[in-house]
*Asks:* 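Dropping a structure here in structure tokens format, bear with me for questions.
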Amino acid sequence: MFDRFKSKAAHTAKRAGLLSGGLLATLVGIAFLTVAAWTYLVQTTDALTAALVLGSVFTGVGLVVIGIASAQGDHSGEQATSPGLASANHQADHSSGQPPLMQAFLHGMQAGVSATQGRR
């Protein structure tokens, strides 16, 4: 019993170590790329333009990552638990975040499943 926990702990520690190392290498790479981009932009333009370009790039990447993270957080609890997408259809009816096309699709899916279950 404890061997299983030891094995899981060792696997988790190894994974965390590898992810930390990969993150550190990525951050060092981003730092070097930023310095290289700064040097190139300062040589071809002026310092103000270089700062604007790099600031815009990092701000854009940050906003995209924030958007992806917030979109993933919104959909984490929307898995259908009953057969035939009944809970997904129920969620679609009460959520204003879904487009009308998606609500119509889920409604049609539920109607088809209900018709199929009625025949059995």
*Asks:* Could you work out the complete set of other residues in the hydrophobic cluster of L23, with links drawn between I, L, V, M, F, W and Y side chains under 4.5 Å apart?
*Replies:*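 Result for L23 is L27.
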*Asks:* Considering non-hydrogen atoms only, spot the tightest contact between W38 and A51 and give its length.
*Replies:*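 Minimum heavy-atom contact is CZ3-N, 3.4 Å.
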*Asks:* Go through the steps to decide whether H11 and S7 satisfy the test side chain to side chain contact (heavy atoms under 4.5 Å, CB included), and finish with yes or no.
*Replies:* CA-CA 6 Å; H11 177 71; S7 174; 5.5 Å; no
*Asks:* Is it true that L52 and V57 fall in one hydrophobic cluster, defined by side-chain heavy atoms closer than 4.5 Å?
*Replies:*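 Result: no, two separate clusters.
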*Asks:* Give me each pair satisfying side chain to side chain donor-acceptor pair (under 3.5 Å) with a member in residues 12-33, each pair once, sequence neighbours excluded.
*Replies:*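 Checked against side chain to side chain donor-acceptor pair (under 3.5 Å) - neighbours excluded - no pair reaches residues 12-33.
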*Asks:* Okay, side chain of T45, backbone of V42: is any donor-acceptor separation there less than 3.5 Å?
*Replies:*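 The answer is no, because no donor-acceptor pair under 3.5 Å joins these two groups.
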*Asks:* Check L54 against T34 and note the closest heavy-atom contact, atom names and distance.
*Replies:*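 Nearest heavy atoms, L54 then T34: CD1-O, 3.9 Å.
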*Asks:* Going by distance alone, is a donor N or O of one side chain under 3.5 Å from an acceptor N or O of the other, for T39 and Q43?
*Replies:*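 On atom types as modelled, these side chains do not qualify, holding no pair under 3.5 Å.
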*Asks:* Suppose the criterion is side chain to side chain donor-acceptor pair (under 3.5 Å): which pairs have a residue in residues 46-66, not counting sequence neighbours?
*Replies:*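 Those involving residues 46-66 are D46-T49.
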*Asks:* Measuring from F32:CZ to I30:CD1, what's the distance to the nearest 0.5 Å?
*Replies:*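 Result: 13.0 Å between the selected atoms.
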